[in-house]
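What you are looking at is a predicted structure, and each value in this text was computed from that prediction instead of being measured. Position 1 is the first residue of the sequence, and the numbers go up from there.
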Amino acid sequence: MSNADAQTDLQLLITDAEELVPVLEGGLPESTLTDVPAPEKGPRGRDSMELAAPDRDPNDLPAQRWAVIAPRGEDGDRMLAAIRALIDHRHAQQGAVPTIYRVDPGMDSAAAIRWRNDVHRDEDVPEEERPHYLLILGDLDGVSLELQHTLANGALVGRLHCPTLTGFRNYAEKVVARERAEPADRGRSLFYTVQDGTSAIQTGYSRLVEPCMQMAEAWSAASKLDRPGVAEIPYSDWSPDEMLATVGSDVPSVLLSLSHGLGAPRKGWRSPDQQRALQGALSLGLDSPLTADAVREAPFLPGGVWMCIACFAAGTPDASAFYPWLAQLADHGGSRQPAAEVLRSLPRSGDRPFVAALPQALLANPRGPLAVIGHMDLAWTFSFTAPGNNKSRASRMFSTLRSLLAGSRVGVGLDALMSVYRETNNDLTASYQIQRDALVRGQPDPIQPQVLGRMWMQRNDLRGYVLLGDPAARLPVMSDQPALQDRPRPPPPTRAPELITTAAAPPETAPAPPPPPESPPPPPAPAPTPAPAPAPAAAPPAPTPAPAPAAPPPPPPPPPRPEAFMSTTPTAPPDAAPAAPAYIAHAPAPWRRAARGDGPPAHPREPRDRPARARGAGDDPRRRGPAIDLHAIRPPARGDILLARYVP
C-alpha cells in the first residue's frame, strides 16, 4: 500500500481473536464516509459543558468536591463497603462528607440528563457543594455508559469495576497508600507500539507516538516538563518480556501504548463469558495477546496511568456508534464488504455491555496502575489525525500525557482530550444546522458529504475514550501546585457520607405539624449548689458596691446530632456486635439547631416556618466496623418506623 493510499484509508485498531490478524488489513476507502447517517437528535443539553467551579483550580479537591455513584441494591452496598477506605480518605482531604448517589440501571440519554439536572445539579444544593469528581462503581449494566458520557460533559468522571469485592478493596487501599506515601521526584513517560506492519499501526506510530515523544523531549529541554527522559519500549516479535519488565518497575509512570484490540474470531465467540474475558485484550502481533490472566498478580505500572489506544480497550457498550454506518456499507458489497467483518465484534441487541477484563484485573492488582484510559467502542485514527489531510494532531493526546506527568488528577488529564470532543460535536451540530437552513431556503447543500463524514467519525472516535479508576487519583510525583500536594487537613467531625437517592419518598398520611409559636426560651435549670468553701480572711471595710448580677450559667452542651436513620425492625442477629452505621440515609448537609439555640433539629436550608420537605426513606442501612455482614442487613420495608438515634 502506498503512502498516498494510507492517507486516504480509514484505519481501525482491531484484530481477530483467533487468527490474530487485523480485521481491516487495508482499511476502508474514504469515499465510504459519504454514507454516514445523521446522528440521532439527542435530548436538549446532552453534550453541554458546565463546570462545578470553573473559577477554581480543577485539581483543588476541596473546591471541586468528590462523590460516588453506585447502583441501587445489595451489589451497590457491597461495593461501597469495599471502598470505604477511599471514601474516608477523600472525606479527610476535601474537608467535607462525600455524597453517595444511588441510581437505577439502564439509564438512556434522556434519563441520564434528567438525573444530572434534577439530582447532581439540584438547585437546592449550593453550587459550591455540587461534586465535580464522580466515581462510578460497577459494570455497564449496573450504571449505564450513557450516564457516564452525559456527566463527563460537565464533570470529571471515572468508573471502577473489579471482578471481585477484594479487587475493589485492593484498589481503594492502593490509591490511599500511594497518596499518603512520600511522592517520587519525577515520573516516567513510556511509549510502546506493537509494530506488526499493518497500515493502522504505521499511521498511528507516525501520527501519534513519534510526535508525542518529540513533544515530550522538546518540553523537557525547555524545562516545561520535569521528567527523566522519554523511554520507548522496543517491540519484539518473540515475546513481550522486555515490555513487562520495563512497566513492572516501581517507578510512577505514564504509558502510552498503540496496538490492535482483540475482536471476535471469524466463527464468533463460543460464549458470552469468553467474549467478556478476551474482547479488548492487547494484541501483541502473532504472539499470544496480553490478557487479564497475565496481569492479575504481576507488577504492571505500579502507581501509574495507562493510556491504551486499541479497540474495546476499556470495554464494549450495549450499542456501537458505528453500527448503522457499517451495516449500511456491508449491504453495498464490493470494496465495502470488509465492513461486514467488523460487525462480528459489535454488540447486538440484547447483549450485556461490560468493562474489559484486562483493565479490571489491572485496577484490582495491588501492584497495578491507578487508572486506565481506553476506548469503549471501536478505536479509529481520527482522534489524533486531522480530517481530510490526515496530518498529525497528536497534541490532543499529548495534552493529556503532559497533565498526568505534571501530577494533575487523572480526570483533569482526560478532560483535556474531551474538550476536543466538545468542539467537534459543536462543529458537527452547526454543519447539520447549515444544511437544514439551506434546505428550507431552497438553496444547494453547502456542506460536502465527506466533510460531514469526517467530523462524524472524529466526534464518535473521541467520545469513546473513558476513564477507568478514580478521577481524583494522580501520579504520585512531587508538584509545586498547592492543590496537588494532598496536604493533611484537620480531621473533620465524625460523620458518615451523604446518600442521595432518586427513589420516591413513601406517601404521607398527613402533613407535618407546623412549628409552635415563638415564645421566650424557658429559664435554664438551676445548677446544683456547690459545697460551701472556707471563708476568706476579713478584708478592710470598703464602700458597698451595687450587687453584681449572678454569673451566667455555662453554655448548654452542643445539641445531639442524628447519627443515622435506622429501622426498628432488627437487621442483624441478636448476638451481633454493635457497630456504628456507615452511611446516613438522606441528609444533604449536617443537621443543626436553629440559630436561637432552641427548637428541634432543622435542616439548615429549610426555614422553621414551614414543614420539612419529604425525603427518601433510608434505603442504605449499612454498618461500619472491622467486619461487615451485609447478608444479615435488609433495607427498611414499608410500614417500618424510621427513627433518628441521637448521640451526644
Closest heavy-atom contact between [X] and [Y]?
| X | Y | answer |
| --- | --- | --- |
| D139 | H161 | N-ND1, 3.4 Å |
| L343 | R348 | O-NH2, 4.3 Å |
| E179 | R90 | OE1-NH1, 2.8 Å |

Enumerate, atom names and distances included, each donor-acceptor pair closer than 3.5 Å involving a side-chain atom of residues 296-315, sequence neighbours excluded.
from : atom 1 : to   : atom 2 : distance (Å)
R296 : NE     : D293 : OD1    : 3.1
R296 : NH2    : D293 : OD1    : 3.2
W306 : NE1    : S257 : OG     : 2.9

Which residues share a side-chain contact (heavy atoms from CB on, under 4.5 Å) with R393, sequence neighbours left out | A386, K391, R396
If only atom types and distance count, is the side chain of S144 paired as donor or acceptor with the main-chain N or O of M107 below 3.5 Å?
-> yes
Describe, in one word, how the ring planes of W115 and Y101 are oriented to each other, choosing from parallel (under 30°), tilted (30 to 60°) and perpendicular (over 60°).
->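 Rings of W115 and Y101: perpendicular, as their planes differ by over 60°.
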Taking NZ, NE, NH1 and NH2 as the nitrogens, is one of them in [X] or [Y] under 4.0 Å from a carboxylate oxygen of the other?
| X | Y | answer |
| --- | --- | --- |
| E146 | R463 | yes |
| D415 | R422 | yes |
| E173 | R169 | no |
| D461 | R454 | no |

From [atom1] ([X]) to [atom2] ([Y]), nearest 0.5 Å:
| X | Y | atom1 | atom2 | value |
| --- | --- | --- | --- | --- |
| T316 | L346 | OG1 | CG | 9.0 Å |
| L134 | R116 | CG | CZ | 12.0 Å |
| L208 | T385 | CG | OG1 | 10.0 Å |

Check the pair Q458 / W380 against side chain to side chain donor-acceptor pair (under 3.5 Å), numbers first and verdict last.
-> CA-CA 8 Å; Q458 180 172 290; W380 304 77; over 6 Å; no
Residue pairs involving residues 245-265 (criterion salt bridge (Lys or Arg N to Asp or Glu O under 4.0 Å); sequence neighbours excluded) | R178-D250
Determine which pairs satisfy salt bridge (Lys or Arg N to Asp or Glu O under 4.0 Å) with at least one residue from residues 364-384, sequence neighbours left out, and list them in order.
-> none
How about Y205: does its OH atom have over 12 heavy atoms from other parts shown lying under 6.0 Å from it?
->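 More than 12 within 6.0 Å, yes.
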For a quick test of your reading: what N or O donor-acceptor pairs under 3.5 Å do the side chains of residues 352-364 make, sequence neighbours left out?
from : atom 1 : to   : atom 2 : distance (Å)
R352 : NH1    : D141 : OD2    : 3.3
Q360 : NE2    : V355 : O      : 2.9

Show the numbers, then the answer: is there a side chain to side chain donor-acceptor pair (under 3.5 Å) between R207 and S392?
-> CA-CA 5 Å; R207 306 296 195 277; S392 172; over 6 Å; no
List for me each residue that meets ring pair (Phe, Tyr, Trp, His ring centres under 6.0 Å) alongside H375, sequence neighbours excluded, and say none if there are none.
->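 Once residues adjacent in sequence are excluded, the partners of H375 under the ring pair (Phe, Tyr, Trp, His ring centres under 6.0 Å) criterion are Y465.
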